[in-house]
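First up is the structure itself, then whatever we jot down about it.
Throughout, protein chains are lettered first and strands after them, A, B, ... in sequence-line order, and every chain is numbered starting at 1.
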Amino acid sequence: MILARSFFEQKTLKVAQDLLGCFLIRQIGQKKISGRIVETEAYCGSKDLANHASKGRTNRTEAMFGPPGHAYVYLIYGMHYCFNIVTEKSGYPAAVLIRGVELDDRQTIIGPGKVCRALKIDKSLHGVDLVKSQKIWVEDNNQRLKDWKIVKLPRVSIDYAGEYKYKRWRFRINPNQ
DNA sequence: TATACGATCACCT
DNA sequence: GGTGATCGTATAC
């Protein structure tokens, strides 16, 4: 079942955890690549100093201020793309970064740059509506088990974020499940 | 117009 | 553990 707008409109920390175990589907022509989401990170509002949007609304961060369910894709270190899903209401900048997926062949990809390479995500997907797009979307699954253990970890590479550096807003499915 | 650096990865020692 | 690649963005001048 394709996730609806209302799913992404919930609290970012909830969406980030609920996305674990869901499938990120990428359709390229006749080819379909699906990845089970195993690691996410939450970026919550302008108060969160780790959030790109904490310094105000700019061209780059505009997508995060938009309606939920849209993609926010950006280039980092001049070579890697990172894929985020915008959450919460319009005007409130928040998003979930997809950090890890497991492919159909059970290969696990950890790292936002590697995820984008595996799913062939680039800036052409920036701003697309995941609820309506034919190129990329997220599906829930019936296999979700309630006793999945979600590991909470500090976020990565955000030493500049002051007290927000210590927030455990990175979520990962227990690799032992 | 110029400069510094980042929500990273791969490869080296 | 350390470093180089490589460029869009924000900020400074």
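Rounding to whole angstrom units, CG of residue A:Asn84 and C1' of B:dG6 are separated by 14 Å. One interatomic measurement links the two molecules: OH of A:Tyr81 to P of C:dT6, which rounds to 14 Å at whole-angstrom precision. Between A:Lys123 atom NZ and C:dT9 atom C1' the separation is 9 Å, expressed in whole Å. We find that CE of A:Met79 is positioned 9 Å from C1' of C:dG4, with the value rounded to whole Å. Rounded to whole angstrom, the span from the NE2 atom of A:His80 across to the P atom of C:dC7 amounts to 12 Å. In this structure, the CE atom of A:Met64 is 13 Å from the P atom of C:dT9, given to the nearest Å. Residue A:Arg57 contributes atom CZ, which lies 17 Å from atom C1' of C:dT9 at whole-angstrom precision. Between the C1' atom of C:dG8 and the NE2 atom of A:His126 lies a distance of 12 Å, rounded to the nearest Å.
Between A:Thr61 and A:Gly78, the residue anchored nearer the 5' end of DNA chain C, judged by the nucleotide with its closest heavy atom, is A:Gly78. The nearest heavy atom of DNA chain B to A:Lys114 and to A:Ile158 marks one nucleotide each, and the one closer to the 5' end goes with A:Ile158.
For B:dA7, there is no paired nucleotide, since no Watson-Crick or G-U wobble pair has both relevant distances below 3.5 Å.
A cation-pi arrangement is absent between A:Arg155 and A:Tyr164 under the rule of less than 6.0 angstrom and at most 45 degrees off the ring axis.
For B:dT8, the OP1/OP2 oxygens have a side-chain nitrogen or oxygen of A:Ser157 closer than 4.0 Å. Phosphate proximity of B:dA7 to A:Tyr160: present, with a side-chain N or O under 4.0 Å from OP1 or OP2.
Under the 4.0 Å criterion applied to side-chain N and carboxylate O atoms, A:Glu9 and A:Lys89 are not assigned as salt-bridge partners.
Side chain of A:Asn84 to main chain of A:Ala95: no donor-acceptor pair is present (N/O by atom type, distance under 3.5 Å, no hydrogens or angles). Proximity of a side-chain donor or acceptor of A:Gln27 to a complementary backbone N or O of A:Gly29 within less than 3.5 Å is detected.
Look at the P atom in both B:dA2 and C:dT6: the space between them is 22 Å, to the nearest Å.
Considering only side-chain atoms of A:Thr58, the nucleotide from B:dA7, C:dA10, B:dC9 that sits closest is C:dA10. Out of B:dA10, C:dG8, B:dT8, the shortest distance to the side chain of A:Arg117 is found at B:dA10.
For the pair A:Tyr77 and C:dA5, the ring geometry does not qualify as stacking, because the centroid separation below 5.5 Å and plane angle under 30° are not jointly satisfied.
Side-chain atoms of A:Tyr74 come within donor-acceptor range of the base of B:dA7, with a qualifying N/O pair under 3.5 Å.
Contact annotation for A:Arg155: no contact, since no heavy-atom pair falls under 4.0 Å across all strands.
Under the 3.5 Å distance criterion, with hydrogens and angles disregarded, no donor-acceptor pair is assigned to the side chains of A:His52 and A:Tyr43.
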